[in-house]
2 protein chains.
Amino acid sequence: MQLHKPDVVDAATAILDNYGIADLTMRRLARELNVSPGALYWHFANKQELLGAVADRILQPVRTEPTAPAWPGQIHQICVALRDALLSHTDGAELVSSSFAAGQSELATEIVAQLAGAAQRAGVIPPDDELAARTVLYYVLGFTADEQSRLQWDAAGALTDDQSVLNRDTSRQFAFGLQLLVDGLAVRGASTLGAARDMPQRSRD
Amino acid sequence: MQLHKPDVVDAATAILDNYGIADLTMRRLARELNVSPGALYWHFANKQELLGAVADRILQPVRTEPTAPAWPGQIHQICVALRDALLSHTDGAELVSSSFAAGQSELATEIVAQLAGAAQRAGVIPPDDELAARTVLYYVLGFTADEQSRLQWDAAGALTDDQSVLNRDTSRQFAFGLQLLVDGLAVRGASTLGAARDMPQRSRD
DNA sequence: ACCTGAACACCGTTCAAGT
DNA sequence: ACCTGAACACCGTTCAAGT
């Protein structure tokens, strides 16, 4: 029977979940699908494009309009959903991170747009809104990649107790860094929102 | 003549600067040094360890006690020095980022400690200071990796004018995101520094 | 102690040729 | 249109054997 893109992405995701990103190779994937390696290149231009498709599969659950009424809640919502999505796949953060950097994940770009919207509602005006959005994304990707790699060291069994990610409340830690950014956003937003009152620098000019 | 670790790191850095991280392979490096690939494994346990040594070489210029009097200036100083160091080597941000994630860069850990110190001076108490420090580092690495990969696309000549990193003031953009974090740090620090005054939420309980 | 030679078990990608 | 077979030009790592 014929090979279709979604089948390929399914198989790739299965390898990722079960063996990790190091084992997600074109040849291994072809073997799993009972095709020759060359067959994959009919459907995907190269490995990066395929990884981008896997990244978009991972980010699918994040694809939802935020329901929170105010912008801080919206940012929390998006970021928590994002971290959850990344944590549900082995090396998820690493894969999405590099796909985003390579500009191969459409959904990552969409998430940036949504975060930028929240930043605007916080009072950050273009083009700073996108900058703020990217800053938030860098944080979530960096934090989660770190968390996930520690989890792997942990599973491998070579980590002292105070390094163990299990003994620390990572969700609380994640929220702390996120709050840092939300607070910063509030300050930055307030400085450009009419309210020149109690803002000493450049009140009117 | 004998092969010494610093020679190896020198040669590796040269390959990185001239050809990029994709060409920094053990075999290529051995060829450049006129030794067999196996020789490298007498000096380094594996490729990750060697890359960690290159990362530390890149971070060397950042290794300096901050001279700014107040913590916001110190953070700016460290982060600007860090970004400059990363930008002076092809794929510098990507290399340091992955070495840090793999726990192979001692200097990266040192930089986190220095940022944590600044966070403490901002009023963020342990263990949140390290969390704050890591958040700042995630930002610098994420931003700079992004900036650097856009620079590469640009050099390759396939980017529209408004995507071009040259037409945007990236240093100003970098400062914006950094300010976001510094502002957040100020808020967080103030909330734990005695001053419960004019802080509506959980002022006393 | 330090290095070579050779092997092992892989990679990503291309492309003529088949159906 | 879609895929195979086979090749090209590589990888990281190990390890007996040499000096």
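To find a chain, count down the sequence lines: A is the first, B the second, and so on, and within it residues start at 1. Note that the structure is a prediction, hence the values are computed from the model and not measured.
- Atoms CZ (A:Arg31) and P (C:dG12) sit 10 Å apart, rounded to a whole Å.
- When rounded to the nearest whole Å, the span between CG of B:Leu40 and C1' of D:dG12 equals 11 Å.
- Between the P atom of D:dT13 and the CD atom of B:Gln48 lies a distance of 9 Å, rounded to the nearest Å.
- Rounded to the nearest Å, the gap between the C1' atom of C:dC10 and that of D:dA7 is 16 Å.
- Look at CE on A:Met26: it is 16 Å from C1' on C:dC10, rounded to the nearest Å.
- The C1' atoms of D:dC2 and C:dA17 are separated by 13 Å, rounded to the nearest whole Å.
- For the pair B:His43 and B:Lys5, the tightest heavy-atom approach, listed with the atom from each and the gap, is O-CE, 3.2 Å.
- Under the 3.5 Å distance criterion, with hydrogens and angles disregarded, a donor-acceptor pair is assigned to the side chains of B:Gln179 and B:Asp183.
- In terms of heavy-atom proximity, B:Gly20 sits nearest to B:Thr90 at CA-CG2, 3.8 Å.
- Between C:dC3 and D:dT14, the distance separating the two C1' atoms is 14 Å to the nearest Å.
- Rounded to an integer number of Å, the gap from CZ of B:Phe44 to P of D:dT14 is 15 Å.
- In summary, the side chains of B:Asp7 and B:Gln2 do not present any donor paired with an acceptor at a separation below 3.5 Å, with no hydrogens or angles considered.
- Distances were taken from every side-chain heavy atom of B:Thr25 (C-beta onward) to each of C:dT13, D:dC11, C:dC11; the shortest belongs to D:dC11.
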Next on the checklist: Determine whether B:Asp128 and A:Arg172 satisfy the following criterion, salt bridge (Lys or Arg N to Asp or Glu O under 4.0 Å), listing intermediate values before the conclusion.
Outcome noted: CA-CA 10 Å; B:Asp128 287 343; A:Arg172 192 224 132 239; 2.6 Å; yes

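- Taking CD1 of B:Ile21 as the reference point, atom CG of B:Leu16 lies at 6.5 Å (rounded to 0.5 Å).
- Between the A:Asn18 side chain and the A:Ala14 main chain, a donor and an acceptor come within less than 3.5 Å of each other.
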Next on the checklist: Let's test your reading of the pairing rules: Watson-Crick or G-U wobble, both distances under 3.5 Å, then write DNA chain D as a dot-bracket string with ( ), [ ], | and dots.
Outcome noted: ||.|||||...|||||.||

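- Rounded to whole angstrom, the span from the OH atom of B:Tyr41 across to the C1' atom of D:dT13 amounts to 5 Å.
- The interatomic distance linking A:Lys47 (NZ) with C:dC10 (C1') rounds to 12 Å, in whole Å.
- Relative ring orientation between B:Tyr139 and B:Phe174 is described as parallel, the plane-to-plane angle staying below 30° on a 0-90° scale split at 30° and 60°.
- The interatomic distance linking A:Leu50 (CG) with C:dT13 (C1') rounds to 14 Å, in whole Å.
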Is there any protein nitrogen or oxygen under 3.5 Å from a nitrogen or oxygen in nucleotides 1-8 of chain D, and what are the pairs?
| residue | atom | partner | partner atom | Å |
| --- | --- | --- | --- | --- |
| D:dC2 | OP2 | A:Trp42 | NE1 | 3.2 |
| D:dC3 | OP1 | A:Leu3 | N | 2.8 |
| D:dC3 | OP2 | A:His43 | NE2 | 2.6 |
| D:dT4 | OP2 | A:Ser36 | N | 2.8 |
| D:dT4 | OP2 | A:Ser36 | OG | 3.3 |

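- A:Phe176 pairs by the ring pair (Phe, Tyr, Trp, His ring centres under 6.0 Å) definition with nothing, not counting sequence neighbours.
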